[in-house]
Each structure stands twice: as structure tokens, then as C-alpha cells.
Amino acid sequence: MARIFSGIQPTGIAHLGNYLGAIQNWVKLQAENECIFCLVDLHAITVAQDPKALRAQTLQNAAILIACGIDPERQILFHQSAVHAHARLAWIFNCVARVGWLNRMTQFKDKAGKDREAVSTGLYVYPNLMAADIHAYHATLVPVGDDQRQHLELANDIAEKFNHDYGVDFFPRIEPLILAETARVMSLRDGLKKMSKSDASEQSRIQLTDDADTIALKIRRAKTDPEPLPDNIEALQPRPEAANLVGMYAAMTNQTSAAVLQQFAGSGFGPFKEKLAEVLIAHIAPITKAANDLLAEPVYLESILQAGARRAAAIANPIVDEAERIVGFLPRG
Ligand code: AMP
Ligand code: TRP
């Protein structure tokens, strides 16, 4: 049994990319592993957040995770800010990671855009905090979407340098778990951009709280090209929007994109989109309903996260205490 850690930012509402790239895998992995799932609110404030919205979205995403099948009784589900070990270890890692390493992070470059001088220093050291999230638990498996691959390589570099500098074998290597087929779900408006919570247009993503009409409308309006669907995968390559919709259908119906094309070759996007909307609605409607039921009892939901945080702290505190001892800090007493 391995210990698994993963996180999701409560910066908006979880979407189909989160579901197919990460959450779906988390639900499967719980059967045979010890899992720790975290709403990473410390990461969320690396960009501006409205406090009221942040609180609401933390609860809403917790409800969505449980509705998707995460079991907060058997596994640990909590909000990052409630366990101080994350911030304590992140500080140590800020002093281990090199500026040159962070300068190579493509997600920082993307998020900072042209105005790199104006973003928060938190956004810059974001990957160090992410490394701390994982290493505070000595977790070894990390299920994520493809966009997190580089951050996980950095987490290994940090652990290796810490171990080397202090002459210890304290932090283990971590393995990313990235699902090949659904590692990158793309925007409905632009097949070259990933589906993201921070995209200004809600039309670009299916949120796990969207009702049937909204899903049907977003899929109907999704960008496509005028050609009918081809009969082979190679022909999809220069057609990113078509490839994305076919990939979604494949993931929702548990088959390969090639099998989907066999079924729909020669069909126009009208009828295909109708079928795609149908499978999405059938899958998402029960999640939305279960999440709304949970959200009707916010105090209960908060108590689930607080209980999770106590269990998380019981694992992380001794590990981070030991890291502080290795570094040379006197005991807190
Ligand atoms: P985030 O929404 O950035 O907090 O991401 C939470 C998890 O969902 C991470 O494991 C991401 O890699 C994954 N993820 C986010 N967006 C996508 C996407 N468009 N396709 C696949 N996985 C994604
Ligand atoms: N950075 C991740 C994302 O945006 C979220 C995250 C924070 C995470 N800490 C983590 C994922 C630790 C895996 C492990 O998707």
C-alpha cells in the first residue's frame, strides 16, 4: 500500500479537465492506497482571491470531491491552511530550491505573462510549497494532470538536494501518476489551450456543477471545424478541437478515441455533439446533485475537513519536526 498525495486549487469550480485528468484517478486509487487529498488554499492566494469566494469555493470543491466518490472517512480530505506543516516545510524548501530552477518553471512563465515583475513572490515559489505538500507526508505517488509534471520533477530535485546537503536519506523519491489519454483536456473555445478554472470565459469549460441545459449549450457552441469526423486517429492530429471532443467522449464511455471514431466516422459534429452532451449529462448530473445535497449542510462539511486536517497533521507534524531538527533548529519544547 502506497501513500498518495494530491491537491486541487479552490480558485474556481472543479471542471471536466480536473475530473478526467485527476479526480477520476483519485477515486480509483483509493481502493488500494492510503490517500491524502488537499484543497490547496495557500496556493490559491498566490493570485488575487476574494476572501468570501475563496471560502465558498473551498467548501464547494470539497463537496464535489466527495460527490465524485472520494471517501473522507477512509481517506484524508482537508484544506491546506489548516495544517501548518505545509508552510513550515515550504520555508525550508525555499532555502533549498535554487532561483535558476524556479526560473525554468513553464507554469510560472505562463501565469506571470509579460508582467513578471508585478506578480506575487508566492506565485514564484509556488512549486516549493507544492513539493512541501507531498514531502510533509513522505508520500510517494502523486496523481495529477500533465501540466504538473515539471513541478513534480522539481519536487524530486528539492528532496535530493536536501538529502545531499544534510547527508541524510530523509525524503523519498516521488512518482507522478499521469493518465495518458486524459492528461490534457483542452478548452471548448480553443483546442490549443488547456481547460482551466482561470479562463475568463465560462463557455471554455464544463463545470461539475453545470446543469443539463448548460452542458448541452456549451457542447453545442464548442468550437469545431466543418469537416465530418474521420475514421482514424492520425487524421485528428491537425484538428485539436475535434480531437478534444472525441477524447472526451472516449473517456466518458471508457473506450479509446480510435473506437469512438469507428462508431462516428463520416458523421457531422451536430449529431456527435448531441451524443457527447448526453453522456456528459448522464455522468455529471448525479455528481452535481450529491454535491448540492452536501452543500446544504455547510457546518457538517466543514467538520469533515477539520477532522481530515487533524488526521493530516498527525502524519505531517512529526515528519516536519524531524526536517527542522535535521536543518539545525532547536526543539520547540
Ligand atoms: P488545478 O485546477 O490547477 O488545481 O488542478 C487540479 C488537478 O487537475 C491537477 O492534477 C491538474 O493537473 C489537473 N488538471 C487541471 N486542468 C486540467 C486539464 N485541462 N486536463 C487535465 N488535467 C487537468
Ligand atoms: N499545483 C497543483 C495544480 O494546480 C495543485 C497542487 C498543490 C498539488 N499541491 C499539490 C498537486 C501536491 C499534487 C501534489 O494542479
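Ligands are counted one by one from 1 in listed order, and the atoms in each one are counted from 1 as well.
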Fill in: With sequence neighbours excluded, residues passing side chain to side chain contact (heavy atoms under 4.5 Å, CB included) with Ala56
none
Fill in: Nearest protein heavy atom with distance in Å, relative to atom 15 (O) of ligand 2
Gln148 NE2, 3.4 Å
Worksheet item: When only distance counts, is Asp147 in polar contact with ligand 1, meaning an N/O pair under 3.5 Å?
Response: yes
Worksheet item: Backbone N or O of Glu227 within a donor-acceptor pair of the Arg239 side chain at under 3.5 Å?
Response: yes
Worksheet item: Does some non-hydrogen atom of Met186 fall short of 4.0 Å from ligand 1?
Response: no
Worksheet item: Is any N or O atom of Tyr126, backbone or side chain, closer than 3.5 Å to an N or O atom of ligand 2?
Response: yes
Worksheet item: If hydrogens are left out, which of Ala155, Pro127, Gly7 has an atom nearest to atom 6 (C) of ligand 2, that is, the closest non-hydrogen atom?
Response: Gly7
Worksheet item: Any N/O of Ala22 closer than 3.5 Å to an N/O of ligand 1?
Response: no
Practice prompt. Could you list the atoms of ligand 2 found under 4.0 angstrom from a heavy atom of Val40?
Written response: 7 (C), 9 (N)
Worksheet item: Aromatic ring centroids of His86 and Tyr137 under 6.0 Å?
Response: yes
Response to the item:
Filtering Val185, Asp199, Val40, Asn18 for the heavy atom nearest atom 14 (N) of ligand 1 leaves Asn18
Fill in: Proximal candidate to atom 7 (C) of ligand 2 [heavy atom criterion; set Gln80, His43, His151]
His43
Discussion item. With respect to Ser6, determine whether any N or O atom, backbone or side chain, lies less than 3.5 Å from an N or O atom of ligand 2.
Written reply: no
Practice prompt. With heavy atoms of Lys197 as the reference, note each atom of ligand 1 found under 4.0 Å away.
Written response: 1 (P), 2 (O), 4 (O)
Worksheet entry | Contact atoms of ligand 1, heavy-atom distance to His15 under 4.0 Å | 16 (N)
Item to complete: With heavy atoms of Val142 as the reference, note each atom of ligand 2 found under 4.0 Å away.
Response: 13 (C), 14 (C)
Item to complete: Measure from atom 9 (N) of ligand 2 to every heavy atom in Leu129, Asp133, Ile134, Val144 and give the option owning the shortest one.
Response: Asp133
Worksheet item: Counting from 1, what ligand 1 atoms have a heavy atom of Gln9 closer than 4.0 Å?
Response: 3 (O), 4 (O)
Worksheet entry | Short N or O distance, Pro143 and ligand 1, threshold 3.5 Å exclusive | no
Discussion item. I need the atoms of ligand 1 closer than 4.0 Å to a non-hydrogen atom of Gly21, numbered in the order shown.
Written reply: 21 (C), 22 (N)
Practice prompt. Check the angle between the aromatic planes of Tyr126 and His151 and answer parallel, tilted or perpendicular using the 30° and 60° thresholds.
Written response: tilted
Worksheet item: Does the side chain of Phe272 come within less than 4.5 Å of Val246's, by heavy atoms?
Response: yes
Practice prompt. Quick one: closest heavy-atom pair of Ser6 and Val144, and the distance?
Written response: OG-CG1, 3.9 Å
Worksheet item: When the aromatic ring centroids of Phe162 and His135 are compared, is their separation below 6.0 Å?
Response: no
